[in-house]
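Inspection log for the structure reproduced underneath, given as structure tokens.
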Amino acid sequence: MSDRLKGQLAFVTGASRGIGAATAIALAAEGAHIILTARTTGGLEEVEDAIYAAGGSATIAPVDLYDRTAIPQLVSAIAERWRALDMLVLNAGALGTLGPVPSFDLKEFDKVMALNVTANAALIAAFSPMLRLARSGRVVGVTSSVGAAPRAYWGMYGASKAAFDNIIASYGLEMANISPVRTAIVDPGATRTKMRERAYPGEDPQSVKPPERVADAIVRLMADGFDSSTRIRVD
């Protein structure tokens, strides 16, 4: 255990596995209290157990981010217990089906946009008052290179990540002169996750880096601070 983030509160989405789980565990190891959220209660409990076993502290908050009424209700409950939010890690996302643009299932496209864009915008809006009350509120969004560099057959996911990046960066610019809140975008690159496994089913998982390496990069950002032009790729 360290104390670089002692006394600070972090909210991490997609925290039941992969990059979200690794990030939650790494932030807790630096002394932060973590609010863990995902749809899978069992996975959240496993991450919570790992945090407590290492001497950290966490609270689980299962939520379906597709439910537009759930986010303000959850944030309202959090605000009743804690005054300020120091760190918001927006990691949850949906890949959708990889394929040519003319073959999009538009209902699926709506679902991908609802999670990757709308839910994250709603989280920022709901948490903004708490972030502004923190000494240095920080928002980190976990993105993908296809948001900035379009790739054939990745249009559905890429479009959602381009919008996601824009929302986070815009919020950072809006906050720059009126509050200490800062935003950063992290591109994890090739990482050993369930989403990566689905996108590249023939790939040897051991040939790509573990999510802990991405988590370490996020912790460094949170501990060292950053400005709202920050965008990093983890190699």
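Values below: all heavy atoms of this structure, side chains included; hydrogens, waters and symmetry mates excluded.
- Between Trp154 atom CH2 and Leu95 atom CG the span is 5.5 Å, to the nearest 0.5 Å.
- Residue-environment remark: NZ (Lys209) exceeds the threshold of 12 foreign heavy atoms within 6.0 Å.
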Next on the checklist: Apply side-chain contact (heavy atoms from CB on, under 4.5 Å) to residues Thr191 and Val208 and explain how you reach the verdict.
Outcome noted: CA-CA 5 Å; Thr191 306; Val208 296; 5.9 Å; no
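- Contact record, Ala58 with Leu36: CB-CD1, 3.9 Å, taken as the closest heavy-atom pair.
- Judged purely by atom type and a 3.5 angstrom limit, Asn166 has no side-chain atom pairing as donor or acceptor with the backbone of Ala162.
- When all heavy atoms of Asp64 and Ala70 are compared, the closest pair comes out as O-CB, 4.0 Å.
- Counting all heavy atoms, side chain and backbone alike, Ser207 lies closest to Glu203 at OG-CG, 3.7 Å.
- Residues Leu123 and Leu65 meet the side-chain proximity criterion, which asks for heavy atoms closer than 4.5 Å.
- Side-chain atoms of Arg182 come within 3.5 Å of backbone N or O of Ala176 as a donor-acceptor pair.
- Atoms CD1 and OG, on Ile185 and Ser228 in that order, are 9.5 Å from each other to the nearest 0.5 Å.
- Without hydrogens or angle criteria, Arg192 side chain to Pro205 main chain gives a donor-acceptor distance under 3.5 Å.
- Using a distance-only test at 3.5 Å, with no hydrogens or angles considered, a donor-acceptor pair links the side chain of Thr183 to the main chain of Ile168.
- Distance alone, capped at 3.5 Å, is enough to place a donor-acceptor pair between the Asn91 side chain and the Thr13 backbone.
- A 4.5 Å side-chain heavy-atom check between Val140 and Met87 finds every atom pair outside the cut-off.
- For the pair Leu88 and Met130, the minimum side-chain heavy-atom distance is 4.5 Å or more.
- Considering only heavy atoms from C-beta on, Val75 stays 4.5 Å or farther from Phe11 through its side chain.
- By the 4.5 Å heavy-atom criterion applied to side chains, Val89 and Met222 are counted as neighbours.
- In this structure, Tyr157 OH and Asn116 CG are separated by 6.5 Å, a value rounded to the nearest 0.5 Å.
- For the pair Leu106/Met156, no side-chain contact is recorded, criterion being any heavy-atom separation below 4.5 Å from C-beta on.
- Judged purely by atom type and a 3.5 angstrom limit, Asp3 has no side-chain atom pairing as donor or acceptor with the backbone of Lys6.
- Between Met175 and Val181, the shortest heavy-atom contact is CB-O, 3.7 Å.
- Looking at heavy atoms from C-beta onward, Val234 lies in side-chain contact with Arg213 at the 4.5 angstrom threshold.
- The two residues Phe226 and Val139 come nearest to each other via the heavy atoms CZ-O, 4.1 Å.
- Residue Arg68 places its CZ atom among 12 or fewer non-hydrogen atoms of other residues, nucleotides or ligands, all under 6.0 Å distant.
- The closest side-chain heavy-atom distance from Val112 to Phe104 is not below 4.5 Å.
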